[in-house]
Structure formats: structure tokens, C-alpha cells
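Written below as C-alpha cells is the structure these notes are about.
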Amino acid sequence: MQTKKLGYCVRQGDMDDIPSLIALGRRMHEESPRFRNMDYSEQKCALLGQGLVNQGGMFIAEVAGIAVGMVLGAVAPHFFGDDLMAYDFVVYVAPEHRGGSLVVRMLKKFESWAFSMGAKVVSFGVSTEIEADRTIALYQRLGYRVTGSIAVKER
């Protein structure tokens, strides 16, 4: 899929984007093998979105004014020191918009913002279990290294 032909825009999100991102988040939640059986609170997501707008850690991709992808994250000191670290809450692109350079553009916008905020390290995870191997390979192509895993036990 050619992202330029579709006219994608990747930009920092604002308060007006929160309803669209909640809807996109619901799609991610339903697609995720790990999270689809857990609850999804639109109110909690709205509060997170408001906080991220205030901090600047919300990036959306849209085509024709419709949100089709998002990177949400924050910059904060690591728990053992004062160096700043950027991390994601979510990286998601709707399935029908995958396969092009859109996600790369979103990740680079987030990375640029994070470093401009003073982050010494930027990290991305894949906790949704959506195309995990493909996503990790993408992160590695962008110069990231894999540093661990997540172990999960469900009740």
C-alpha cells in the first residue's frame, strides 16, 4: 500500500482527537489476542488521552480526516535515576492501513518528540500480541534492539 497516494497525515494529537482515538483503541483491543477478553473503559482512555495531550505524547495518523493509526506514550524519569526515558502505551495501525511506511512515520514522529523532551532512551513494546514478530522486526530495522520479554499468567 502506498501511503502517499492515500494522503496520510501524521501529526500530534489534540483534545478533539480523543473520541477518534478511543474508537481506534477499541479496534486494537478487539484485535488483540491478549487483551480482547479484558474490559475496555472509554472513560479511562479519555483521561489518559487528556493527560497525553497535555504532555504532548499523542500522535495520530489520519486519512481524509479519519484516524487510522496512533502512537501514545510518555517521557518520565526511570525508577532508578533521573535520566528520562520515553515509552509507548500503544502503537497501532488499523489492519487495512498496514503494510506501507505509515507506522514508520508515526514512530519517527514519536521518537523525535521524545528526544526533544530530553529522553535518553526510547523504547517500544509489543504487548498486544498483534503481529508481534513482524513488529519486532520493524523496530530492529529502525535501529532498536530487543532487550527482554513479557511473561503473562492469566487467571
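In what follows, residues are counted from 1 in the order of the sequence shown.
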Identify every side-chain donor-acceptor pair in residues 146-153 under 3.5 Å, counting partners at least two apart or on other chains, and give the distances.
none

Under the ring-ring contact (aromatic ring centres under 6.0 Å, His included) test, which residues partner Y92, sequence neighbours left out?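 With sequence neighbours excluded, Y92 shows a ring-ring contact (aromatic ring centres under 6.0 Å, His included) to no residue whatsoever.
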Under the side chain to side chain contact (heavy atoms under 4.5 Å, CB included) criterion, do K108 and L142 qualify, and how do the steps go? CA-CA 9 Å; K108 288 186 178 222; L142 294 175; 4.0 Å; yes
Identify, with sequence neighbours excluded, every residue that meets salt bridge (Lys or Arg N to Asp or Glu O under 4.0 Å) alongside R134.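 Counting only residues at least two positions away or on another chain, R134 forms a salt bridge (Lys or Arg N to Asp or Glu O under 4.0 Å) with E131.
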Identify every side-chain donor-acceptor pair in residues 66-86 under 3.5 Å, counting partners at least two apart or on other chains, and give the distances.
{"unit_1": "D83", "atom_1": "OD2", "unit_2": "K120", "atom_2": "NZ", "d": "3.3"}

Look at the side-chain heavy atoms of Ile, Leu, Val, Met, Phe, Trp and Tyr, link any pair under 4.5 Å apart, and say whether [X] and [Y] land in one connected group.
| X | Y | result |
| --- | --- | --- |
| V103 | V122 | yes |
| L138 | M106 | yes |
| V93 | F124 | yes |
| F115 | V121 | no |
| F89 | M117 | no |

Say whether, by atom type as modelled, one donor and one acceptor occur between the side chain of R36 and the main chain of E31 under 3.5 angstrom.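 Checked: pair present.
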Under the 3.5 angstrom rule, does the side chain of R145 hit a backbone N or O of Q140 as a donor-acceptor pair?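 Absent.
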To the nearest 0.5 Å, tell me how far F110 CZ sits from D88 CG.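 The CG atom of D88 is 6.5 Å from CZ of F110, to the nearest 0.5 Å.
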Qualifying salt bridge (Lys or Arg N to Asp or Glu O under 4.0 Å) pairs with a residue from residues 65-74, counting only residues at least two apart or across chains: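 Qualifying pairs, neighbours excluded: none.
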Sequence neighbours left out, what passes side-chain hydrogen bond (donor to acceptor under 3.5 Å, both in side chains) with Y144? Give chain and number order.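 Listed in chain order: E111.
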Checking R27 now: which residues fulfil side-chain hydrogen bond (donor to acceptor under 3.5 Å, both in side chains) with it, not counting sequence neighbours?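 In terms of side-chain hydrogen bond (donor to acceptor under 3.5 Å, both in side chains), with neighbours along the sequence ignored, R27 is linked to E96.
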Side chains of residues 41-64: which donor-acceptor pairs under 3.5 Å do they make with residues two or more places apart or in other chains?
{"unit_1": "S41", "atom_1": "OG", "unit_2": "K44", "atom_2": "N", "d": "3.0"}
{"unit_1": "E42", "atom_1": "OE2", "unit_2": "R26", "atom_2": "NH2", "d": "3.2"}
{"unit_1": "N54", "atom_1": "ND2", "unit_2": "Q50", "atom_2": "O", "d": "3.2"}
{"unit_1": "E62", "atom_1": "OE1", "unit_2": "R11", "atom_2": "NH2", "d": "3.2"}
{"unit_1": "E62", "atom_1": "OE2", "unit_2": "R11", "atom_2": "NE", "d": "3.2"}

Y8 side chain near S101 side chain, heavy-atom distance below 4.5 Å: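 The answer is no, as the side chains (C-beta and beyond) never meet within the 4.5 Å cut-off.
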Only pairs at least two apart or in different chains count here, so list each ring pair (Phe, Tyr, Trp, His ring centres under 6.0 Å) that has a residue in residues 9-32.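 Non-adjacent pairs meeting ring pair (Phe, Tyr, Trp, His ring centres under 6.0 Å): H29-Y40.
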Among T128, V126, L107, exactly one meets side chain to side chain contact (heavy atoms under 4.5 Å, CB included) together with V91. Which residue is that?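 With V91 as partner, side chain to side chain contact (heavy atoms under 4.5 Å, CB included) holds for just one option, L107.
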